[in-house]
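Proteins come first, then strands; the chains are lettered A, B, ... in the order of their sequence lines, and each starts at number 1.
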Amino acid sequence: MSAIRHALSTKREDDFALWYQEVISEAEMAEESGVRGCMVIKPWGYGIWERIQRLMDDRIKAAGVENCYFPLFIPIGYFAKEAEHVEGFAKEMAVVTHHRLIAGEGGALVPDPEAKLEEPLIVRPTSETVIGAAMARWIQSWRDLPMLTNQWANVVRWEMRTRMFLRTSEFLWQEGHTAHTDREGAMEEMLRALELYRSFAEAELAMPVIAGEKPENERFPGAVSTYSIEAMMQDGKALQAGTSHYLGTGFSKAAGIQYQDKDGAQQFCHTTSWGASTRLIGGLIMTHGDDDGMRVPPQVAPHQVVILPMLRDNDEDEALLAYCDEIRCTLVAQHACGERVRVLVDKRPGKATQKRWAWVKKGAPLILEIGGRDAAAGQVTTLRRDRLWNEQGKPNFSASARDKFVALAAAELEDIQTSLFKEAKARHDANIVRGIDSLDALSDFYAEDKHYPGWVELAWSRPMGDELEAVVKQLKELKLTVRNTPMGSKPVAGTCIFTGKPAVELIYVARAY
RNA sequence: CGGGGAGUGGCGCAGCCCGGUAGCGCAUCUGCUUUGGGAGCAGAGGGUCGCAGGUUCGAAUCCUGUCUCCCCGACCA
């Protein structure tokens with residue numbers, strides 16, 4: 001039993017799902033909107049998303065990809081062109097059928113029957129079709145290739161069951177769409193995007209992931225192959241945190257994306273698409289959150305340092321605020337992780353203690369509580385969010401001279417970033433189990449009532465078609481899914497526990513969000 | 001979409017079975033005291049009980065419909 005009085009009322013180990021919701025609520029990241037499956041993203045949550053956008057956008061542009069923007073509405077006819085794609089998305093699309101309302105029975109507004117659209121519009125669930133139509137116009141020659149585009153947008157998928165950030169009806173994302181002369185060029189681009197996600201997740205989000213290829217049954221509708229990054233949450237479940245697809249020529253044939261090659265012959269382009277969404281924020285919460293709320297890695301924290309003046313509502317406040325502002329000014333002149341340090345002086349009236357717990361729950365990396373004595377002595381009192389409690393179970397404050405603190409602040413932020421990654425990486429590595437050599441052993445492993453069941457690494461024979469369906473069915477009974485085959489998986493020895501055939505590659509099996 | 005639970009001041013809840021015009025805790029505001037670490041006391045303000053119908057002299061409470069949320073399942077790049 002711990003004497004620590006945590007900031008949240010629910011502990012991870014008691015009820016992970018409830019804990020997750022409490023973090024989102026208490027950290028003021030998002031709230032319900034009253035519209036099914038849709039959330040309001042509040043300033044702290046949106047600020048994290050803006051950081052993700054900025055850092056990822058820099059990487060996307062550095063890879064030579066250009067941003068553009070396509071319409072929210074897609075003519076329904078565009079979807080009918082790629083059969084597998086329609087099949088995969090048809091059941092979860094929002095459809096616009098009218099463009100005007102009139103007063104109906106009892107004064108309620110109803111769609112005006114006179115204002116019915118000739119052709120219904122789909123609210124985009126993803127933009128392959130509409131971007132494909134544009135590429136068909138934009139591409140004529142091999143000189144136009146590769147064409148590398150990306151858009152930041154919202155999309156809508158009418159999911160049956162929604163969870164904040166993890167699966168919402170509307171979500172925010174980026175979707176990259178590229179066209180190439182041949183398979184090799186497209187595969188290279190698809191893998192470049194995958195590596196971008198892997199590197200971004202680990203460096204910026206401090207979230208260890210495994211990049212690899214999804215099995216056939218988990219492919220994006222219409223894709224030839226689908227790759228993902230998979231992150232391990234603190235309850236041991238897997239979260240698909242980014243996907244990259246090689247689409248072959250299927251979408252090109254559907255949309256007429258053709259080019260004339262050097263020999264003057266018409267060829268279909270090989271295309272890719274890749275996306276990462278606000279789901280990453282759910283991943284951040286379940287990777288770094290603790291029993292006191294969120295812990296935001298400094299790279300994506302809207303405010304890296306929050307200064308709380310201990311205001312007394314008397315005539316000493318002015319001098320205290322001036323002292324805090326001096327600290328802010330010297331801090332913002334520093335660079336951490338290659339950018340200016342982001343600092344907030346929280347000048348709102350109220351007790352520093354109350355504001356402290358609010359910022360602890362939000363997960364600001366460094367919290368400074370500055371009182372009159374600190375100002376008089378030229379000191380600062382700091383609290384590191386990733387080392388919140390001392391051995392006595394009290395908030396782990398440390399005092400240091402102002403100049404010394406300022407000189408080391410950037411390094412400390414970088415250390416927090418590194419520490420969060422190390423902590424997550426250690427948990428990730430510790431919860432990947434190897435050596436399970438039969439279906440019964442797999443069943444036993446997940447039957448145990450473990451808090452962190454983790455993932456199982458297996459060698460399998462890469463079954464396809466009906467054989468794969470049989471495996472998926474077996475796994476489903478254990479509530480398990482095949483996550484991916486890690487990149488660079490070398491040929492493996494042994495026998496596939498599902499098919500009994502010689503194993504050819506590694507896979508990860510886990511429960512998943 | 002199937003099964004279960006829930007919607008009552010900003011937040012968390014009681015009241016509902018057995019209809020009689022709304023209560024508690026936290027938060028907020030005011031005052032006093034206190035205050036280098038998640039303050040105390042006293043007082044005050046704030047809700048047509050998710051929404052729409054129905055039954056009734058009277059509905060938070062009973063009935064019907066509907067929306068939203070949570071859990072389990074189905075579904076899901």
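Contact check, A/Lys351 against B/rG40: no side-chain N or O comes under 4.0 Å of OP1 or OP2. Between B/rA77 and A/Ser228, no contact under 4.0 Å exists linking OP1 or OP2 to a side-chain N or O. For B/rG36, neither phosphate oxygen OP1 nor OP2 lies less than 4.0 angstrom from any side-chain nitrogen or oxygen of A/Gln379. A close approach under 4.0 Å does not occur between any side-chain nitrogen or oxygen of A/Arg279 and OP1 or OP2 of B/rA77. Using a 4.0 Å cut-off, no side-chain N or O of A/Lys479 falls inside it from OP1 or OP2 of B/rC72.
As judged by a 4.0 angstrom heavy-atom cut-off over every strand, A/Pro125 is placed among residues making no nucleic acid contact. Counting any heavy atom pair closer than 4.0 Å across all strands shown, A/Gly37 reaches sugar-phosphate atoms only and no base atom. Across all strands, A/Gly34 comes closer than 4.0 Å only to sugar-phosphate atoms, never to a base (heavy-atom distances). Residue A/Thr243 is in base contact, counting any heavy-atom pair closer than 4.0 Å across all strands shown.
For A/Arg312, the side-chain atoms get nearest to B/rU35 when compared with the rest of B/rC1, B/rC69, B/rU35.
The nearest whole Å value for the distance from the CH2 atom in A/Trp158 to the P atom in B/rA77 is 18 Å. Between the P atom of B/rC69 and the CD atom of A/Glu22 lies a distance of 20 Å, rounded to the nearest Å. In this structure, A/Arg356 atom CZ and B/rU35 atom P are separated by 18 Å, rounded to whole Å. Atom CG in A/Leu18 sits roughly 17 Å away from atom P in B/rC69 (whole-Å rounding). The distance from atom CE of A/Met39 to atom P of B/rU68 is 17 Å, rounded to the nearest whole Å. Per the geometry, CE belonging to A/Met160 stands 17 Å off P belonging to B/rC71, to the nearest Å. Counting to the nearest Å, the C1' atom of B/rU68 and the CZ atom of A/Arg163 are 17 Å from each other. As a whole-Å value, the separation of A/Arg161 CZ from B/rU68 P is 16 Å.
In this structure B/rC32 sits in a base pair with B/rG40, meeting the Watson-Crick or G-U test at under 3.5 Å. B/rG2: Watson-Crick or G-U partner is B/rC72, with both key distances under 3.5 Å. Checking B/rU21 for Watson-Crick or G-U wobble geometry (two distances, each under 3.5 Å) identifies no partner in any strand.
Comment: A/Glu469 does not engage A/Lys473 in a salt bridge, judged by the lack of any side-chain N to carboxylate O separation of less than 4.0 angstrom. In this structure, A/Glu170 does not pair ionically with A/Arg157, as no charged nitrogen and carboxylate oxygen lie closer than 4.0 Å. Here A/Lys355 does not pair with A/Glu369 in a salt bridge; the nearest charged N to carboxylate O distance is not below 4.0 Å. Classification of A/Glu22 and A/Lys11 as a salt-bridged pair fails, no side-chain N sitting under 4.0 Å from a carboxylate O. Here A/Lys362 does not pair with A/Asp292 in a salt bridge; the nearest charged N to carboxylate O distance is not below 4.0 Å.
One can find a donor-acceptor pair under 3.5 Å joining the base of B/rG36 and the side-chain atoms of A/Thr381. A donor-acceptor contact under 3.5 Å is not formed by the side chain of A/Lys214 with the base of B/rA77. For A/Arg157 and B/rA77, a side-chain-to-base donor-acceptor distance below 3.5 Å is present, hydrogens and geometry of angles not being considered.
Taking the six-membered ring where tryptophan is involved, the planes of A/Tyr246 and A/His270 are essentially parallel, since the angle between them stays under 30° and well short of 60°.
The shortest distance between side-chain heavy atoms of A/Trp49 and A/Ile281 falls below 4.5 Å.
Heavy-atom distances to RNA chain B give each of A/Ile370 and A/Gly88 a nearest nucleotide, and the one nearer the 5′ end belongs to A/Ile370. For the pair A/Glu218 and A/Glu369, nearest-nucleotide mapping onto RNA chain B gives the more 5' position to A/Glu369.
When the P atom is compared between B/rU21 and B/rC69, the two are found 35 Å apart, to the nearest whole Å. Between the C1' atoms of B/rG7 and B/rA52, the separation comes to 16 Å (whole Å). Here, B/rA59 and B/rA74 have their C1' atoms 38 Å apart, quoted to the whole Å. The same atom, C1', is picked in B/rG2 and in B/rC75; the two are 12 Å apart, to the nearest Å. Spacing of P atoms, B/rU64 relative to B/rG4, comes out at 14 Å, to the nearest Å. Rounded to the nearest Å, the gap between the C1' atom of B/rG47 and that of B/rG25 is 16 Å.
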